Amino acid sequence: MTEKKSETSPASINAAHFDIASLDDEIRVDHLCCEILQRFVAALQENGVEPLAAGRLARGADYFIRDFLVADRRTNPLHPEPERVRQFGGNWYIITTLEPNLTELADTLAGVTAFYRFLADKKLLEVDNAEAIATACTELAFFKERIEAFWDIEGDGFAAWDAGCPVT
């Protein structure tokens, strides 16, 4: 008996299936992302990454992809713009997290880096794009400054802080 290929097996992935134009698309893409993230975890473990570490990387990628790119920005996660990493870590993460901190954000960004390298290894993303995303994920000094500046906001200072790294 022939095994049915999943919609997210590398040979069957079509980036256009991840485009979002409606709520139904968003729900479908969310499910596809879950499947591809499960493949990501399996690949990490096959390459010797301990299960807890693989889970931690997948959790970071999941948060960025499903909560930010898909649910908030309604953006195709297979067509990422490196600038989205900066918007995520320098604004969205900070304002949507109860206690934003650099340690948690760095863990999340490590997952983002690993996930997009996985996609590049599977020829689902250009290597240059994966590297640009990885570079954006290493801008920890920028993210640290944004978190500290957020905690220092007084009065009506939010608008100025927000303008420093808008999520648009």
Side-chain angles (χ1 to χ4, degrees), residues 15 18-20 23 25-41 43-44 49-120 124-126 128-168:
F18 290 79
D19 288 342
I20 303 169
L23 179 58
D25 288 342
E26 183 179 330
I27 292 167
R28 179 182 45 74
V29 169
D30 183 75
H31 286 94
L32 290 173
C33 288
C34 288
E35 290 180 23
I36 203 165
L37 284 162
Q38 289 172 347
R39 291 186 176 281
F40 169 58
V41 169
L44 289 170
V49 177
E50 294 295 321
L52 287 176
R56 193 169 37 256
L57 290 170
R59 184 185 70 233
D62 177 63
Y63 186 43
F64 176 75
I65 293 162
R66 292 178 57 225
D67 290 359
F68 179 63
L69 292 181
V70 173
D72 189 75
R73 300 285 88 202
R74 297 185 94 183
T75 299
N76 183 325
L78 298 186
H79 291 263
E81 299 170 21
E83 181 61 24
R84 290 291 188 197
V85 171
R86 207 168 161 84
Q87 294 169 345
F88 169 79
N91 189 314
W92 189 87
Y93 162 80
I94 297 168
I95 63 173
T96 61
T97 302
L98 186 58
E99 299 222 10
N101 65 81
L102 189 60
T103 301
E104 180 181 65
L105 179 57
D107 281 350
T108 298
L109 296 174
V112 171
T113 297
F115 179 74
Y116 283 106
R117 285 189 173 143
F118 164 77
L119 291 182
L124 299 171
L125 182 72
E126 294 294 323
D128 290 349
N129 199 7
E131 289 306 315
I133 290 167
T135 298
C137 287
T138 65
E139 296 180 0
L140 297 182
F142 169 77
F143 298 125
K144 179 181 182 201
E145 182 277 323
R146 293 288 297 163
I147 292 169
E148 290 172 355
F150 176 77
W151 288 118
D152 291 341
I153 294 173
E154 291 182 4
D156 62 357
F158 178 79
W161 177 87
D162 188 54
C165 183
V167 179
T168 56

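Just so we're clear, the structure is a prediction, and the values are computed from it rather than from any experiment.
Residues Phe18 and Cys33 meet the side-chain proximity criterion, which asks for heavy atoms closer than 4.5 Å. Using a 4.5 Å heavy-atom cutoff, the side chains of Leu105 and Pro100 are not in contact. Residues Phe115 and Leu37 have side chains in contact (heavy-atom distance under 4.5 Å, counting atoms from C-beta outward). Asn101 has its side chain out of reach of Ile147: every pair of non-hydrogen atoms, C-beta onward, lies at least 4.5 Å apart.
Residue Arg146 holds its CZ atom at 13.5 Å from CG of Leu102, rounded to the nearest 0.5 Å. With rounding to the nearest 0.5 angstrom, the CG atom of Asp72 is 10.0 Å from the CD atom of Gln87. Note that CH2 of Trp92 and CD1 of Ile95 are 8.5 Å apart. Values are rounded to the nearest 0.5 Å. Taking CZ from Arg84 and OG1 from Thr75, the interatomic distance works out to 4.0 Å, rounded to the nearest 0.5 Å. Here the straight-line distance linking atom CG of Asn76 with atom CD1 of Ile65 works out to 11.0 Å at 0.5 Å rounding. Between atom CG of residue Leu32 and atom CD1 of residue Ile27 there is a gap of 12.5 Å, rounded to the nearest 0.5 Å.
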Task: Stepwise side chain to side chain contact (heavy atoms under 4.5 Å, CB included) check, Thr96 with Phe68 - done: CA-CA 10 Å; Thr96 61; Phe68 179 63; over 6 Å; no

TODO: Test side chain to side chain contact (heavy atoms under 4.5 Å, CB included) on Leu44 and Phe118 and set out the steps.
DONE: CA-CA 9 Å; Leu44 289 170; Phe118 164 77; over 6 Å; no

Task: Steps toward side chain to side chain contact (heavy atoms under 4.5 Å, CB included) verdict (Leu109, Leu140) - done: CA-CA 9 Å; Leu109 296 174; Leu140 297 182; 4.3 Å; yes

- [ ] Apply side chain to side chain contact (heavy atoms under 4.5 Å, CB included) to Asn129 and Leu119, showing your working.
- [x] CA-CA 10 Å; Asn129 199 7; Leu119 291 182; over 6 Å; no

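Taking both residues in full, the closest heavy atoms of Pro82 and Ala136 are given as O-CB, 3.9 Å, listed atom of the first, atom of the second, then distance. The two residues Thr113 and Cys137 have their closest heavy-atom pair at OG1-CB, 3.2 Å. Heavy-atom minimum distance, Ala61 versus Phe40: CB-CE2, 4.4 Å. Across Cys165 and Arg86, no two heavy atoms sit closer than the pair SG-O, 3.4 Å. Residues Asp30 and Arg66 come closest through the heavy atom pair OD1-NE, 2.7 Å. The heavy-atom pair separating Pro80 from Tyr116 by the smallest distance is CG-CE2, 3.4 Å.
Environment of CG in Leu23: crowded, with over 12 heavy atoms of neighbouring residues, nucleotides or ligands closer than 6.0 Å. Environment of CD in Glu104: crowded, with over 12 heavy atoms of neighbouring residues, nucleotides or ligands closer than 6.0 Å. Heavy-atom neighbours of Asp152 CG from other residues, nucleotides or ligands within 6.0 Å: above the threshold of 12.
Note on ring orientation: taking the six-membered ring where Trp is involved, the planes of Tyr93 and Phe88 are tilted (angle from 30° to 60°).
Sorted by first then second residue, the ring-ring contact (aromatic ring centres under 6.0 Å, His included) pairs that include residues 129-155, not counting sequence neighbours, are Phe150-Trp161.
With Ile20 as reference, Arg74 is the one residue of Arg74, Arg28, Arg73 to meet the side chain to side chain contact (heavy atoms under 4.5 Å, CB included) rule.
With hydrogens and angles disregarded, no donor-acceptor distance shorter than 3.5 Å links the side chain of Asp107 to the backbone of Gly60.
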